Amino acid sequence: MAEVLTQTRPPVTSSSGKAMISSARIARRVRRLGRLISDAYADIETPLVLLVILKGASVFAADLMRSLSIPAELEFVRAASYGAGTASSGRVRLAHMMQGTFADRHVLLVEDIVDSGRTAEAVAKRVTRTKPASLRLAALLDRPARRVADVKIDFRGFVIPDRFVIGYGLDYAGLYRELPDIHSLG
Ligand code: IMP
Ligand code: MG
């Protein structure tokens with residue numbers, strides 16, 4: 001059967017002609033982060049635990065995991081603070097956190113973007129209670145302009161200006177996660 005090409009993606013906005021970060025640039029940076037992370041954890045004796053903060057970080061995590069040259073396991077936590085808007089509501093709800101514990105495991109939180117920092121902080125607090133061997137944070141994007149919580153990003157992809165972004169897993173009201181580039185909205 002012939003491949004049928006249809007345009008099903010909603011238009012991204014007039015300002016989106018040029019991507020803020022192209023898929024090629026993202027790919028290069030993610031591979032580099034993968035090497036840095038593999039080096040940092042080269043001597044650990046248990047597989048690294050990637051704890052992915054759903055949903056936005058799923059695309060980044062899938063690429064990052066395949067850039068690693070060390071054994072890694074995959075866990076997920078669902079965190080939501082935004083609802084359908086573009087400004088943080090200030091409260092973070094966590095769900096689907098792995099049953100059991102990260103005791104004595106090396107845990108790397110994987111986040112799409114650190115904005116206020118409240119999400120990463122909330123997940124880190126919860127993980128810390130289970131006494132991991134170590135806990136670090138990898139974030140594809142860092143938007144320092146709206147930071148509230150004092151979080152340290154150990155592995156960082158890009159620092160971006162104070163604009164809401166979509167694509168490569170990042171959404172606006174659930175849409176645009178499938179875009180391969182990162183665009184600023186408006
Ligand atoms: P924080 O808790 O304020 O640091 O916000 C982090 C979470 O909010 C991220 O995991 C994203 O899911 C979401 N978020 C923050 N900024 C953006 C954005 O510009 N686009 C899409 N999602 C965002
Ligand atoms: Mg997120």
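Just follow the structure's listing: the first ligand is 1, and inside any ligand the first atom is 1. Each residue takes its place number in the sequence, starting with 1. If you're wondering where the values come from, they're calculated on a predicted model, not measured in any experiment.
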Close approach, Ile53 and ligand 1, non-hydrogen under 4.0 angstrom: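 Distance cut 4.0 Å: Ile53 fails for ligand 1.
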Any Ser116 heavy atom less than 4.0 Å from ligand 1: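 Distance cut 4.0 Å: Ser116 passes for ligand 1.
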Based purely on interatomic distance, does [X] place a nitrogen or oxygen under 3.5 Å from a nitrogen or oxygen of ligand 1?
X	result
Phe164	no
Val165	yes
Glu111	yes

Parallel, tilted or perpendicular: rings of Tyr41 and Phe155 (30°, 60°):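 Phe155 vs Tyr41 ring planes: tilted.
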Distance-only polar pair, side chains of Tyr168 and Asp112, donor-acceptor under 3.5 Å: no
Within reach of ligand 1, part of Arg143 (heavy-atom separation under 4.0 Å):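 The part of Arg143 near ligand 1 is the side chain, not the backbone.
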Inter-residue atom distance Arg29.CZ - Ile21.CD1, 0.5 Å rounding: 10.5 Å
Connected via hydrophobic side-chain network under 4.5 Å: Val148 and Val114: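 The answer is no; the residues belong to distinct hydrophobic clusters.
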Contact atoms of ligand 1, heavy-atom distance to Gly117 under 4.0 Å: 1 (P), 3 (O), 4 (O)
More than 12 heavy atoms of other groups within 6.0 Å of Arg147 CZ: yes
For atom 10 (O) of ligand 1, the option (of Asp112, Thr119, Val92) bearing the nearest heavy atom: Asp112
Criterion salt bridge (charged side-chain N to carboxylate O under 4.0 Å, His left out) on Lys55 and Asp171, from CA distance to verdict: CA-CA 9 Å; Lys55 297 175 187 176; Asp171 74 305; over 6 Å; no
